[in-house]
Amino acid sequence: MDMVKIVVAGPRGKMGSEAVKLVDRTDHFSLTAVVDSKQTGETVKDIKGLPPLDAPVYTDLDVCLSEVECDVLIDLTTPEYGKKHMEIAFQHNVRPVVGTTGFSTEDVENLSKLADQKGIGAIIAPNFAIGAVLMMKFASMAAKYFPDVEIIEQHHDRKLDAPSGTAVKTAKMISEVREQKEQGHEDEKQDLEGARGADYEGMRIHSVRLPGLVAHQEVLFGGEGQTLKIRHDSMHRGSFMPGVQLAVETVLKIDQLVYGLENIME
Ligand code: NAP
């Protein structure tokens, strides 16, 4: 594979710093610049905790992509900037790989049109953990035989949205194969509001938020005399990097926007 020139936006972040290390240790990847809105140094080696690389630090993606060579932008910033950065990347014919969460269906449709107009690939992956994608696929296989299911997702207490995008995506994938049903007793009452969690087409989703957690999800199925648990745990942000690498390698070969890592995994 030819050398892939990469710009990382959000290099000081928990995910972005792992992405910089991924690019550094991957033989066929080369970091040409990073975009840090606070300009915490002249080059990457000035940023605490990052490898001693000479790639320049820019505060503005548009300026960065006008000045450095780049095949792929990895964006791990915020939902607001994730969207803006994708639009800027398209203007420069750069293929974006975006891990920021919080894209609406309308956002994805609009960005998809931009990718089509340019005829270049783009990937938005709300969850880069390959194990989490497999968990969703296995859960959707099981739901055909076990229509009674509850999803329990657990995240660190800095997470702003609930339920997690992965939990909603899991429920959506399950609903596509599961026979429609309202779970629990027909006369069920909640003495404390929210006790039974959120309702997604009769399935329940429970969100746990605690310091110390990273990203975890259990899909719990129940049937006559048996239960089945499918669980995935991300213990460290490094767990997302094989998925980022797969997305970077794939985005070079496609000419449209793909939403979700499951759509590029065979
Ligand atoms: P984080 O530690 O807060 O990192 C975000 C970084 O982006 C911060 O360093 C922030 O800088 C920087 N930033 C914000 N706006 C920027 C801009 N305009 N230009 C350049 N840098 C900018 O968060 P995180 O845990 O790494 O997560 C980052 C994103 O990835 C979030 O949206 C999160 O939900 C998502 N996420 C995705 C996955 C996945 O698998 N796809 C997994 C975990 C998290 P400041 O400190 O200056 O604000």
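Every number for a ligand or one of its atoms is a count from 1 in the order of the listing. One-based numbering along the sequence shown.
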Worksheet item: Does one side chain, of Q245 or E249, offer a donor that lies under 3.5 Å from an acceptor on the other?
Response: yes
Worksheet item: salt bridge (Lys or Arg N to Asp or Glu O under 4.0 Å) with E69: which residues, sequence neighbours excluded?
Response: K5
Worksheet entry | salt bridge (Lys or Arg N to Asp or Glu O under 4.0 Å) involving K113 - partner list, sequence neighbours excluded | none
Discussion item. Does anything in residues 99-110 form a salt bridge (charged side-chain N to carboxylate O under 4.0 Å, His left out)? List the pairs, not counting sequence neighbours.
Written reply: K83-D107
Worksheet item: Below 4.0 angstrom, N of the basic side chain to O of the carboxylate: do R209 and E153 qualify?
Response: yes
Worksheet item: Considering only heavy atoms from C-beta outward, does the side chain of H206 approach that of R196 to under 4.5 Å?
Response: yes
Item to complete: Mind jotting down which protein residues get a heavy-atom contact under 4.0 Å with ligand 1? Chain and number order, please.
Response: G10, R12, G13, K14, M15, V35, D36, S37, K38, L76, T77, T78, Y81, H85, G99, T100, T101, A125, P126, N127, F128, R237, F240
